[in-house]
Amino acid sequence: MPKDGITPRAQDYSQWYLDIVRGADLADYAEVVRGCIVFKPTGYALWEAIQRGLDDRIKATGHMNAYFPLLIPKSFIMKEAEHVEGFAPELFEVTQIGANELPEPLVVRPTSETIIGYFYAKWIRSYRDLPLLINQWANVMRAEMRTRPFLRTAEFLWQEGHTVHVDEADAERETLMILHDVYADFVEKEMAVPVIKGLKTEKEKFPGALRSYCIEAMMQDGRALQAGTSHNLGQNFARAFNISYTDQNNTIQTAWTTSWGVSTRLIGALIMAHSDDEGLVVPPRLAPTQVVVVPIYKNDAEKSAVLGAVEQITAPWKGRLRFKIDDRENLTPGFKFNEWELKGVPVRVEVGPKDVEKGSVALARRDIPGKAGKSFVPQAGLAEHIERLLAEIQQSLYDRALKFRDDHTADVQTYDELKAQIERGFARCYWAGTTEDEKRIQDEVRATIRCIPLDQPGTGGTCVYTGKPATRQVIFARAY
RNA sequence: CGGGGCGUGGCUCAGCCUGGUAGAGCACAGCGUUUGGGACGCUGGGGUCGUGGGUUCAAAUCCCUCCGCCCCGACCA
(Lines give C-alpha, C1' and ligand atoms only; values in the text may rest on other atoms or scores of the structure.)
Protein backbone atom coordinates (compact mmCIF):
# COMPACT_ATOMS: atom_id res chain seq x y z
CA MET A 1 0.00 0.00 0.00
CA PRO A 2 1.70 3.21 -1.15
CA LYS A 3 1.97 5.96 1.38
CA ASP A 4 0.01 9.16 1.20
CA GLY A 5 2.11 11.71 -0.55
CA ILE A 6 4.30 9.19 -2.36
CA THR A 7 3.41 8.96 -6.03
CA PRO A 8 3.79 5.32 -7.12
CA ARG A 9 6.79 4.66 -9.39
CA ALA A 10 4.62 3.19 -12.11
CA GLN A 11 2.52 6.32 -12.26
CA ASP A 12 5.22 8.99 -12.44
CA TYR A 13 8.79 7.95 -11.74
CA SER A 14 10.14 11.46 -11.66
CA GLN A 15 7.51 12.66 -9.20
CA TRP A 16 8.09 9.52 -7.10
CA TYR A 17 11.76 10.47 -6.80
CA LEU A 18 10.91 13.98 -5.62
CA ASP A 19 8.34 12.57 -3.18
CA ILE A 20 10.96 10.26 -1.65
CA VAL A 21 13.43 13.11 -1.23
CA ARG A 22 10.81 15.17 0.56
CA GLY A 23 9.11 12.31 2.41
CA ALA A 24 12.34 10.89 3.82
CA ASP A 25 13.33 14.42 4.81
CA LEU A 26 16.61 14.30 2.89
CA ALA A 27 16.62 17.75 1.35
CA ASP A 28 14.79 20.99 0.94
CA TYR A 29 14.76 23.14 -2.18
CA ALA A 30 16.87 26.21 -1.58
CA GLU A 31 14.19 28.18 -3.38
CA VAL A 32 15.98 31.46 -2.73
CA VAL A 33 19.09 30.26 -4.59
CA ARG A 34 18.13 28.83 -7.92
CA GLY A 35 19.26 25.28 -8.54
CA CYS A 36 20.64 24.68 -5.06
CA ILE A 37 19.34 22.41 -2.33
CA VAL A 38 19.67 22.25 1.43
CA PHE A 39 21.00 18.90 2.63
CA LYS A 40 18.86 18.25 5.69
CA PRO A 41 20.39 16.22 8.55
CA THR A 42 18.98 12.89 7.32
CA GLY A 43 20.31 13.51 3.82
CA TYR A 44 23.64 14.79 5.02
CA ALA A 45 24.07 11.72 7.22
CA LEU A 46 23.86 9.62 4.07
CA TRP A 47 26.58 11.76 2.49
CA GLU A 48 28.74 11.34 5.58
CA ALA A 49 28.35 7.57 5.33
CA ILE A 50 29.31 7.71 1.66
CA GLN A 51 32.28 9.94 2.45
CA ARG A 52 33.50 7.54 5.11
CA GLY A 53 33.37 4.53 2.81
CA LEU A 54 35.16 6.35 0.00
CA ASP A 55 37.67 8.15 2.18
CA ASP A 56 38.76 4.86 3.73
CA ARG A 57 39.37 3.39 0.29
CA ILE A 58 41.07 6.50 -1.06
CA LYS A 59 43.49 6.47 1.86
CA ALA A 60 43.99 2.70 1.71
CA THR A 61 45.20 3.14 -1.87
CA GLY A 62 47.88 5.63 -0.85
CA HIS A 63 46.26 9.04 -1.25
CA MET A 64 46.14 11.93 1.20
CA ASN A 65 43.55 14.69 1.50
CA ALA A 66 44.33 18.36 0.89
CA TYR A 67 42.31 21.45 0.14
CA PHE A 68 42.59 24.04 -2.61
CA PRO A 69 40.83 27.41 -3.05
CA LEU A 70 37.20 27.68 -4.10
CA LEU A 71 38.00 30.58 -6.43
CA ILE A 72 40.15 30.17 -9.51
CA PRO A 73 41.60 32.92 -11.71
CA LYS A 74 39.51 32.86 -14.83
CA SER A 75 42.61 32.72 -17.02
CA PHE A 76 43.45 29.28 -15.55
CA ILE A 77 40.28 27.78 -16.97
CA MET A 78 41.16 29.20 -20.37
CA LYS A 79 44.50 27.38 -20.58
CA GLU A 80 43.28 23.98 -21.72
CA ALA A 81 41.29 24.26 -24.94
CA GLU A 82 38.77 21.44 -24.49
CA HIS A 83 38.39 22.27 -20.83
CA VAL A 84 37.35 25.88 -21.61
CA GLU A 85 34.86 24.73 -24.18
CA GLY A 86 33.40 22.16 -21.79
CA PHE A 87 32.97 24.38 -18.77
CA ALA A 88 32.75 27.99 -19.93
CA PRO A 89 28.96 28.05 -20.29
CA GLU A 90 28.34 26.97 -16.74
CA LEU A 91 30.82 29.09 -14.80
CA PHE A 92 29.87 31.35 -11.93
CA GLU A 93 32.10 34.36 -12.14
CA VAL A 94 33.22 36.80 -9.44
CA THR A 95 34.01 40.19 -10.90
CA GLN A 96 33.76 42.44 -7.91
CA ILE A 97 34.82 42.71 -4.29
CA GLY A 98 32.69 45.17 -2.40
CA ALA A 99 32.43 48.20 -4.65
CA ASN A 100 35.67 47.48 -6.48
CA GLU A 101 36.00 45.79 -9.81
CA LEU A 102 38.59 42.98 -9.86
CA PRO A 103 41.46 43.37 -12.32
CA GLU A 104 41.05 39.71 -13.27
CA PRO A 105 37.76 37.89 -12.74
CA LEU A 106 37.68 34.79 -10.56
CA VAL A 107 35.47 31.81 -11.22
CA VAL A 108 33.93 29.49 -8.68
CA ARG A 109 35.53 26.10 -9.37
CA PRO A 110 33.45 23.80 -11.56
CA THR A 111 36.27 21.27 -10.95
CA SER A 112 39.82 21.91 -9.81
CA GLU A 113 42.24 20.54 -12.41
CA THR A 114 43.48 23.99 -13.30
CA ILE A 115 44.21 25.48 -9.90
CA ILE A 116 45.63 22.22 -8.63
CA GLY A 117 47.74 21.98 -11.79
CA TYR A 118 49.20 25.39 -11.04
CA PHE A 119 50.39 24.26 -7.61
CA TYR A 120 51.57 20.87 -8.79
CA ALA A 121 53.83 22.61 -11.29
CA LYS A 122 55.41 24.46 -8.38
CA TRP A 123 55.79 21.41 -6.16
CA ILE A 124 57.14 18.84 -8.57
CA ARG A 125 60.83 18.91 -9.55
CA SER A 126 62.04 15.34 -9.75
CA TYR A 127 60.84 11.88 -10.64
CA ARG A 128 61.41 11.23 -6.93
CA ASP A 129 58.41 13.51 -6.21
CA LEU A 130 56.15 11.16 -8.18
CA PRO A 131 53.62 9.79 -8.07
CA LEU A 132 51.86 12.64 -6.28
CA LEU A 133 48.57 11.30 -4.92
CA ILE A 134 46.13 13.87 -3.52
CA ASN A 135 42.38 13.98 -3.00
CA GLN A 136 40.16 16.83 -1.91
CA TRP A 137 36.64 16.93 -0.49
CA ALA A 138 35.00 20.05 -1.77
CA ASN A 139 32.00 21.84 -3.15
CA VAL A 140 31.88 22.89 -6.78
CA MET A 141 29.44 24.97 -8.81
CA ARG A 142 28.09 24.55 -12.30
CA ALA A 143 25.17 26.56 -13.64
CA GLU A 144 23.05 23.68 -14.83
CA MET A 145 20.00 24.58 -16.83
CA ARG A 146 17.79 22.01 -15.25
CA THR A 147 18.34 20.76 -11.74
CA ARG A 148 16.99 17.90 -9.64
CA PRO A 149 17.78 17.28 -5.98
CA PHE A 150 21.06 15.31 -5.62
CA LEU A 151 21.16 14.25 -9.28
CA ARG A 152 22.02 17.64 -10.64
CA THR A 153 22.31 20.80 -8.59
CA ALA A 154 24.11 24.07 -9.20
CA GLU A 155 26.31 23.50 -6.17
CA PHE A 156 27.28 19.97 -5.25
CA LEU A 157 29.64 18.22 -2.90
CA TRP A 158 32.19 15.73 -4.11
CA GLN A 159 35.66 14.38 -3.82
CA GLU A 160 38.12 15.01 -6.61
CA GLY A 161 41.39 13.13 -6.77
CA HIS A 162 44.27 14.67 -8.66
CA THR A 163 47.42 12.68 -9.22
CA VAL A 164 50.66 13.09 -11.15
CA HIS A 165 52.74 10.30 -12.69
CA VAL A 166 55.96 9.74 -14.56
CA ASP A 167 54.43 8.11 -17.61
CA GLU A 168 51.29 7.00 -19.35
CA ALA A 169 51.40 3.49 -17.96
CA ASP A 170 51.50 4.68 -14.39
CA ALA A 171 48.71 7.21 -14.96
CA GLU A 172 46.61 4.54 -16.61
CA ARG A 173 47.25 2.14 -13.73
CA GLU A 174 46.05 4.80 -11.28
CA THR A 175 42.96 5.65 -13.34
CA LEU A 176 41.85 2.03 -13.50
CA MET A 177 42.77 1.24 -9.91
CA ILE A 178 40.48 4.04 -8.71
CA LEU A 179 37.71 2.78 -10.96
CA HIS A 180 37.93 -0.79 -9.66
CA ASP A 181 39.21 -0.66 -6.11
CA VAL A 182 37.66 2.58 -4.94
CA TYR A 183 34.53 3.40 -6.94
CA ALA A 184 33.12 0.09 -8.12
CA ASP A 185 34.10 -1.61 -4.88
CA PHE A 186 32.40 1.02 -2.76
CA VAL A 187 29.24 1.37 -4.82
CA GLU A 188 28.70 -2.36 -5.14
CA LYS A 189 29.68 -3.45 -1.63
CA GLU A 190 28.42 -0.57 0.50
CA MET A 191 25.62 0.86 -1.60
CA ALA A 192 24.54 -2.51 -3.01
CA VAL A 193 24.29 -1.01 -6.48
CA PRO A 194 25.77 -3.10 -9.31
CA VAL A 195 27.74 -1.10 -11.86
CA ILE A 196 29.12 -1.54 -15.35
CA LYS A 197 32.73 -0.43 -15.62
CA GLY A 198 33.63 1.04 -18.94
CA LEU A 199 35.36 3.58 -21.11
CA LYS A 200 33.63 6.75 -22.31
CA THR A 201 33.49 7.50 -26.01
CA GLU A 202 35.24 10.60 -27.39
CA LYS A 203 31.90 12.37 -27.33
CA GLU A 204 31.23 11.63 -23.69
CA LYS A 205 34.69 11.95 -22.16
CA PHE A 206 35.75 14.66 -19.71
CA PRO A 207 36.72 17.94 -21.40
CA GLY A 208 40.51 17.83 -21.59
CA ALA A 209 40.97 14.15 -20.83
CA LEU A 210 42.83 11.59 -22.87
CA ARG A 211 40.48 8.84 -21.73
CA SER A 212 37.58 8.76 -19.28
CA TYR A 213 36.41 5.67 -17.49
CA CYS A 214 33.16 5.41 -15.61
CA ILE A 215 30.85 3.24 -13.60
CA GLU A 216 27.27 3.21 -14.82
CA ALA A 217 24.31 2.05 -12.77
CA MET A 218 20.75 1.32 -13.83
CA MET A 219 17.91 3.07 -12.07
CA GLN A 220 14.47 1.51 -11.60
CA ASP A 221 13.10 3.28 -14.67
CA GLY A 222 15.75 1.66 -16.83
CA ARG A 223 17.78 4.84 -17.24
CA ALA A 224 21.50 5.01 -16.66
CA LEU A 225 23.20 7.04 -13.97
CA GLN A 226 26.89 7.76 -14.18
CA ALA A 227 27.96 7.02 -10.62
CA GLY A 228 31.64 7.86 -10.88
CA THR A 229 34.34 8.84 -13.34
CA SER A 230 38.09 8.39 -13.50
CA HIS A 231 40.12 10.24 -16.12
CA ASN A 232 43.53 9.69 -17.57
CA LEU A 233 44.28 13.31 -18.47
CA GLY A 234 47.34 12.39 -20.48
CA GLN A 235 49.75 15.32 -20.70
CA ASN A 236 47.09 17.89 -21.59
CA PHE A 237 46.88 19.62 -18.23
CA ALA A 238 50.56 19.01 -17.50
CA ARG A 239 51.42 20.91 -20.68
CA ALA A 240 48.93 23.70 -19.99
CA PHE A 241 50.28 24.20 -16.47
CA ASN A 242 53.86 23.17 -17.05
CA ILE A 243 53.95 20.20 -14.72
CA SER A 244 57.33 18.69 -15.48
CA TYR A 245 60.01 16.74 -13.71
CA THR A 246 63.62 15.74 -14.17
CA ASP A 247 64.02 12.03 -14.84
CA GLN A 248 66.82 9.59 -13.92
CA ASN A 249 68.80 10.74 -16.95
CA ASN A 250 68.61 14.41 -15.98
CA THR A 251 66.17 15.07 -18.80
CA ILE A 252 63.14 17.29 -18.24
CA GLN A 253 59.89 15.37 -18.90
CA THR A 254 56.27 16.44 -19.04
CA ALA A 255 54.27 14.64 -16.39
CA TRP A 256 51.03 12.65 -16.79
CA THR A 257 48.03 13.46 -14.64
CA THR A 258 44.74 11.87 -13.64
CA SER A 259 41.59 13.10 -11.98
CA TRP A 260 38.59 11.24 -10.63
CA GLY A 261 35.45 12.10 -8.74
CA VAL A 262 32.16 11.06 -7.28
CA SER A 263 29.55 13.41 -5.94
CA THR A 264 26.42 13.77 -3.85
CA ARG A 265 24.73 12.42 -6.93
CA LEU A 266 25.41 9.02 -5.35
CA ILE A 267 22.59 9.82 -2.95
CA GLY A 268 20.31 10.05 -5.96
CA ALA A 269 21.64 6.71 -7.20
CA LEU A 270 20.94 5.19 -3.82
CA ILE A 271 17.36 6.43 -3.81
CA MET A 272 16.58 5.37 -7.36
CA ALA A 273 18.24 1.97 -7.12
CA HIS A 274 16.52 0.58 -4.04
CA SER A 275 13.59 2.63 -2.81
CA ASP A 276 9.96 1.63 -3.30
CA ASP A 277 6.49 3.12 -3.16
CA GLU A 278 6.63 3.04 0.66
CA GLY A 279 9.66 5.31 0.79
CA LEU A 280 13.42 5.28 0.98
CA VAL A 281 15.36 2.02 1.30
CA VAL A 282 18.91 2.37 2.63
CA PRO A 283 21.32 -0.58 2.46
CA PRO A 284 22.36 -1.67 5.99
CA ARG A 285 26.09 -1.17 5.54
CA LEU A 286 25.54 2.46 4.65
CA ALA A 287 22.58 3.24 6.88
CA PRO A 288 23.24 5.94 9.50
CA THR A 289 20.55 4.18 11.56
CA GLN A 290 20.38 0.42 10.99
CA VAL A 291 17.77 -0.49 13.58
CA VAL A 292 14.95 1.47 15.12
CA VAL A 293 13.16 0.26 18.22
CA VAL A 294 9.50 1.19 18.65
CA PRO A 295 8.14 0.61 22.15
CA ILE A 296 4.40 -0.06 22.42
CA TYR A 297 2.29 0.47 25.53
CA LYS A 298 -1.15 1.56 26.69
CA ASN A 299 -0.64 2.81 30.25
CA ASP A 300 2.06 3.80 32.71
CA ALA A 301 2.56 0.28 34.06
CA GLU A 302 3.04 -1.11 30.57
CA LYS A 303 5.20 1.84 29.64
CA SER A 304 7.73 1.25 32.40
CA ALA A 305 7.78 -2.49 31.76
CA VAL A 306 8.28 -2.03 28.02
CA LEU A 307 10.89 0.72 28.29
CA GLY A 308 12.73 -1.36 30.87
CA ALA A 309 12.75 -4.32 28.52
CA VAL A 310 13.90 -2.12 25.62
CA GLU A 311 16.83 -0.94 27.69
CA GLN A 312 17.84 -4.51 28.49
CA ILE A 313 17.41 -5.69 24.93
CA THR A 314 19.47 -2.89 23.41
CA ALA A 315 22.24 -2.78 26.04
CA PRO A 316 24.43 -5.33 24.22
CA TRP A 317 23.92 -3.51 20.89
CA LYS A 318 26.10 -0.55 21.79
CA GLY A 319 29.16 -0.43 19.54
CA ARG A 320 27.71 -3.24 17.44
CA LEU A 321 24.61 -1.87 15.78
CA ARG A 322 23.71 1.69 14.86
CA PHE A 323 20.30 1.99 16.49
CA LYS A 324 17.72 4.44 17.73
CA ILE A 325 14.92 4.08 20.28
CA ASP A 326 11.80 5.93 19.18
CA ASP A 327 10.23 6.79 22.54
CA ARG A 328 8.34 9.84 21.29
CA GLU A 329 5.06 10.31 23.13
CA ASN A 330 1.74 11.09 21.47
CA LEU A 331 2.52 9.23 18.28
CA THR A 332 0.89 5.89 17.68
CA PRO A 333 3.04 2.88 16.83
CA GLY A 334 1.39 2.67 13.44
CA PHE A 335 2.47 6.20 12.65
CA LYS A 336 6.04 5.41 13.67
CA PHE A 337 6.12 2.22 11.58
CA ASN A 338 5.17 4.20 8.52
CA GLU A 339 7.53 7.01 9.26
CA TRP A 340 10.57 4.75 9.65
CA GLU A 341 9.64 2.90 6.50
CA LEU A 342 9.50 6.22 4.72
CA LYS A 343 12.97 7.01 6.02
CA GLY A 344 14.39 3.67 4.94
CA VAL A 345 15.76 2.27 8.20
CA PRO A 346 16.67 -1.36 7.33
CA VAL A 347 15.32 -3.11 10.44
CA ARG A 348 12.59 -2.21 12.91
CA VAL A 349 12.14 -3.87 16.29
CA GLU A 350 8.77 -3.59 18.02
CA VAL A 351 8.52 -4.25 21.72
CA GLY A 352 5.10 -4.37 23.38
CA PRO A 353 3.54 -5.82 26.53
CA LYS A 354 3.05 -9.21 24.86
CA ASP A 355 6.74 -9.32 23.97
CA VAL A 356 7.75 -8.47 27.52
CA GLU A 357 5.59 -11.37 28.66
CA LYS A 358 6.87 -13.86 26.09
CA GLY A 359 10.49 -12.74 25.85
CA SER A 360 10.07 -11.98 22.17
CA VAL A 361 10.12 -9.01 19.80
CA ALA A 362 8.60 -8.26 16.44
CA LEU A 363 11.20 -7.80 13.73
CA ALA A 364 10.41 -6.03 10.46
CA ARG A 365 12.75 -5.83 7.48
CA ARG A 366 12.52 -2.77 5.24
CA ASP A 367 13.35 -4.55 2.00
CA ILE A 368 10.06 -6.45 2.36
CA PRO A 369 7.63 -3.71 3.35
CA GLY A 370 4.49 -4.07 5.43
CA LYS A 371 3.41 -7.11 7.38
CA ALA A 372 5.03 -9.51 4.93
CA GLY A 373 8.48 -8.58 6.21
CA LYS A 374 7.55 -8.98 9.86
CA SER A 375 8.43 -11.91 12.11
CA PHE A 376 8.45 -12.68 15.82
CA VAL A 377 11.75 -13.74 17.32
CA PRO A 378 13.07 -14.41 20.83
CA GLN A 379 14.94 -11.69 22.70
CA ALA A 380 17.74 -14.15 23.42
CA GLY A 381 20.44 -13.85 20.76
CA LEU A 382 18.68 -10.90 19.15
CA ALA A 383 21.86 -8.93 18.34
CA GLU A 384 23.26 -11.86 16.36
CA HIS A 385 19.92 -12.39 14.69
CA ILE A 386 19.79 -8.76 13.59
CA GLU A 387 23.37 -8.80 12.36
CA ARG A 388 22.54 -11.79 10.19
CA LEU A 389 19.40 -10.11 8.97
CA LEU A 390 21.27 -6.89 8.07
CA ALA A 391 23.77 -8.91 6.03
CA GLU A 392 20.92 -10.72 4.32
CA ILE A 393 19.15 -7.46 3.47
CA GLN A 394 22.38 -6.01 2.08
CA GLN A 395 22.81 -9.03 -0.17
CA SER A 396 19.19 -9.17 -1.23
CA LEU A 397 19.19 -5.49 -2.24
CA TYR A 398 22.24 -6.07 -4.40
CA ASP A 399 20.79 -9.24 -5.92
CA ARG A 400 17.50 -7.55 -6.63
CA ALA A 401 19.19 -4.57 -8.31
CA LEU A 402 21.40 -6.90 -10.36
CA LYS A 403 18.46 -8.98 -11.48
CA PHE A 404 16.57 -5.85 -12.42
CA ARG A 405 19.51 -4.67 -14.51
CA ASP A 406 19.91 -8.03 -16.22
CA ASP A 407 16.19 -8.23 -16.93
CA HIS A 408 16.33 -4.76 -18.48
CA THR A 409 19.45 -5.26 -20.57
CA ALA A 410 19.29 -6.80 -24.01
CA ASP A 411 21.60 -7.39 -26.95
CA VAL A 412 20.37 -5.63 -30.06
CA GLN A 413 21.40 -6.15 -33.66
CA THR A 414 19.49 -3.45 -35.50
CA TYR A 415 18.74 0.23 -35.03
CA ASP A 416 15.04 -0.56 -34.66
CA GLU A 417 15.79 -3.02 -31.90
CA LEU A 418 17.99 -0.40 -30.29
CA LYS A 419 15.17 2.14 -30.35
CA ALA A 420 12.79 -0.33 -28.75
CA GLN A 421 15.24 -1.51 -26.11
CA ILE A 422 16.19 1.93 -24.77
CA GLU A 423 12.56 2.36 -23.77
CA ARG A 424 13.11 -0.54 -21.38
CA GLY A 425 16.71 -0.20 -20.25
CA PHE A 426 20.21 -0.86 -21.53
CA ALA A 427 20.83 -1.84 -25.14
CA ARG A 428 24.09 -3.72 -25.68
CA CYS A 429 25.39 -3.77 -29.22
CA TYR A 430 28.42 -3.68 -31.47
CA TRP A 431 29.56 -0.25 -32.48
CA ALA A 432 31.83 1.09 -35.18
CA GLY A 433 30.22 4.50 -35.62
CA THR A 434 31.68 7.98 -35.38
CA THR A 435 31.03 10.81 -32.94
CA GLU A 436 28.67 12.26 -35.56
CA ASP A 437 26.74 8.98 -35.72
CA GLU A 438 26.46 9.07 -31.95
CA LYS A 439 25.14 12.64 -32.00
CA ARG A 440 22.59 11.73 -34.65
CA ILE A 441 21.32 8.84 -32.54
CA GLN A 442 21.11 11.10 -29.51
CA ASP A 443 19.04 13.60 -31.50
CA GLU A 444 16.77 10.90 -32.81
CA VAL A 445 16.17 8.70 -29.78
CA ARG A 446 17.60 10.66 -26.80
CA ALA A 447 19.96 7.83 -25.93
CA THR A 448 23.73 7.99 -25.68
CA ILE A 449 26.56 5.51 -25.42
CA ARG A 450 26.96 5.22 -21.69
CA CYS A 451 30.19 3.32 -21.98
CA ILE A 452 32.29 0.77 -23.78
CA PRO A 453 32.29 -1.96 -21.11
CA LEU A 454 35.69 -3.20 -19.99
CA ASP A 455 34.26 -6.73 -20.10
CA GLN A 456 33.95 -7.60 -23.77
CA PRO A 457 32.90 -10.89 -25.34
CA GLY A 458 36.13 -10.91 -27.33
CA THR A 459 34.49 -11.75 -30.61
CA GLY A 460 33.59 -9.30 -33.34
CA GLY A 461 30.18 -8.29 -34.63
CA THR A 462 28.28 -5.90 -36.83
CA CYS A 463 27.76 -2.26 -35.89
CA VAL A 464 24.15 -1.61 -34.93
CA TYR A 465 24.06 1.69 -36.81
CA THR A 466 26.53 1.61 -39.70
CA GLY A 467 26.49 -2.12 -40.41
CA LYS A 468 30.29 -2.10 -40.54
CA PRO A 469 32.35 -4.80 -38.87
CA ALA A 470 32.91 -3.86 -35.22
CA THR A 471 35.28 -5.12 -32.57
CA ARG A 472 33.67 -3.66 -29.46
CA GLN A 473 30.29 -3.67 -27.79
CA VAL A 474 28.81 -0.55 -26.20
CA ILE A 475 25.90 0.17 -23.90
CA PHE A 476 23.25 2.56 -25.16
CA ALA A 477 20.77 4.05 -22.70
CA ARG A 478 18.93 7.16 -21.71
CA ALA A 479 20.87 8.84 -18.97
CA TYR A 480 20.32 11.11 -15.99
C1' C B 1 17.71 28.99 -23.75
C1' G B 2 12.82 27.48 -26.24
C1' G B 3 7.60 25.42 -25.06
C1' G B 4 3.80 24.90 -21.23
C1' G B 5 1.83 25.74 -16.29
C1' C B 6 1.46 28.13 -11.59
C1' G B 7 2.09 32.14 -7.65
C1' U B 8 -3.89 32.82 -1.92
C1' G B 9 -1.89 30.80 6.35
C1' G B 10 3.88 26.10 7.10
C1' C B 11 1.87 22.39 3.01
C1' U B 12 -1.99 21.01 -0.83
C1' C B 13 -5.59 23.77 -2.85
C1' A B 14 -10.83 26.31 -3.35
C1' G B 15 -12.48 31.31 -4.25
C1' C B 16 -11.24 34.73 -9.82
C1' C B 17 -15.24 33.47 -15.17
C1' U B 18 -19.95 37.06 -13.04
C1' G B 19 -15.50 42.85 -8.35
C1' G B 20 -18.39 43.94 -2.30
C1' U B 21 -12.83 43.36 1.83
C1' A B 22 -10.59 35.48 2.56
C1' G B 23 -12.05 29.69 3.16
C1' A B 24 -11.21 24.11 3.49
C1' G B 25 -8.16 19.84 4.50
C1' C B 26 -3.54 18.67 6.47
C1' A B 27 0.21 20.62 9.75
C1' C B 28 1.02 23.54 14.40
C1' A B 29 -0.22 24.90 20.05
C1' G B 30 -3.18 23.67 24.69
C1' C B 31 -6.33 20.15 27.30
C1' G B 32 -8.56 15.35 27.60
C1' U B 33 -9.28 10.46 25.83
C1' U B 34 -6.08 7.12 22.86
C1' U B 35 -1.60 3.84 21.37
C1' G B 36 0.50 -4.11 18.18
C1' G B 37 0.14 -0.66 10.74
C1' G B 38 -0.69 6.60 9.45
C1' A B 39 -6.15 7.91 16.50
C1' C B 40 -10.20 11.20 18.09
C1' G B 41 -12.83 15.38 20.47
C1' C B 42 -12.89 20.36 22.07
C1' U B 43 -10.32 25.02 21.99
C1' G B 44 -6.70 28.23 19.75
C1' G B 45 -2.85 30.85 16.78
C1' G B 46 -1.54 31.94 11.93
C1' G B 47 -2.68 35.03 5.32
C1' U B 48 -1.60 43.48 3.75
C1' C B 49 -3.97 36.83 -1.82
C1' G B 50 4.32 37.18 -5.62
C1' U B 51 5.71 42.69 -7.13
C1' G B 52 4.67 47.54 -9.05
C1' G B 53 1.14 50.27 -11.55
C1' G B 54 -3.84 51.05 -13.79
C1' U B 55 -9.47 50.80 -14.03
C1' U B 56 -13.35 51.33 -10.13
C1' C B 57 -17.08 54.11 -4.83
C1' A B 58 -14.77 49.20 -4.04
C1' A B 59 -9.70 44.45 -6.67
C1' A B 60 -7.42 37.88 -4.51
C1' U B 61 -11.03 38.68 -8.59
C1' C B 62 -10.59 42.98 -14.49
C1' C B 63 -6.05 45.27 -17.49
C1' C B 64 -0.64 46.10 -18.01
C1' U B 65 4.62 45.58 -16.04
C1' C B 66 8.16 43.04 -13.61
C1' C B 67 9.78 38.93 -10.48
C1' G B 68 9.87 33.99 -8.91
C1' C B 69 8.92 28.83 -9.01
C1' C B 70 7.50 24.10 -11.24
C1' C B 71 7.02 20.76 -15.49
C1' C B 72 8.67 19.20 -20.66
C1' G B 73 12.93 19.60 -24.15
C1' A B 74 18.23 20.82 -25.75
C1' C B 75 23.37 21.02 -22.09
C1' C B 76 25.52 18.33 -18.05
C1' A B 77 28.26 14.59 -12.26
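Letters go in sequence order (proteins before strands), and every chain restarts at 1. Since the model is a prediction, treat every value here as computed from it, not as a measurement.
- The side chain of A:Gln442 places an N or O atom within less than 4.0 Å of a non-bridging phosphate oxygen (OP1 or OP2) of B:C75.
- Minimum atom distance to the side chain of A:Lys354 is reached by B:G36, of the listed B:C72, B:A39, B:G36.
- In this entry the distance linking CG of A:Asn139 with P of B:A77 reads 18 Å, nearest Å.
- Contacts of A:Glu144 with the nucleic acid, taken as non-hydrogen atoms under 4.0 Å apart, include base atoms.
- Checked by distance alone, A:Glu339 brings no side-chain donor or acceptor within 3.5 Å of a matching partner on the base of B:G38.
- Going from atom CZ of A:Arg146 over to atom P of B:G3 covers 17 Å, rounded to whole Å.
- Within the nucleic acid shown, A:Ala479 has no heavy atom closer than 4.0 Å to any nucleic acid atom.
- The residue A:Ile215 sits apart from the nucleic acid: no heavy atom pair falls under 4.0 Å.
- Going from atom CG of A:Asp28 over to atom P of B:C70 covers 12 Å, rounded to whole Å.
- Rounded to whole Å, atom P of B:A77 lies 14 Å from atom CZ of A:Arg223.
- Distance, A:Arg148 CZ to B:A77 P: 16 Å, rounded to whole Å.
- Taking the charged nitrogens against the carboxylate oxygens, A:Asp185 and A:Arg57 do have a contact shorter than 4.0 Å, which makes a salt bridge.
- Straight-line distance from the CG atom of A:Asp19 to the C1' atom of B:U12: 12 Å, rounded to whole Å.
- Comparing A:Thr153 and A:Phe376 along RNA chain B, the residue whose closest nucleotide (by nearest heavy atom) sits nearer the 5' end is A:Phe376.
- A ring-centre distance under 6.0 Å is not found for A:Tyr67 and A:Trp137.
- Atom CD1 in A:Ile296 sits about 13 Å away from atom P in B:A39, given to the nearest Å.
- Nearest-nucleotide assignment on RNA chain B puts the 5′-proximal partner with A:Ser14, out of A:Leu151 and A:Ser14.
- A:Asn299 comes within 4.0 angstrom of no nucleic acid atom, judged by non-hydrogen atoms across all strands.
- With hydrogens and angles left out, the side chain of A:Lys336 and the base of B:G38 share no donor-acceptor pair within 3.5 Å.
- Residue-level contact check: A:Pro89 touches neither bases nor backbone, having no heavy atom under 4.0 Å from any strand.
- A:Asp12 places its CG atom 16 Å from the P atom of B:C70, with the value rounded to the nearest Å.
- In this structure, A:Arg142 does not reach the B:A77 phosphate: none of its side-chain N or O atoms is under 4.0 Å from OP1 or OP2.
- At the heavy-atom level, A:Gly261 lies nowhere under 4.0 Å from the strands shown.
- Heavy atoms of A:Leu331 sit under 4.0 angstrom from at least one base atom.
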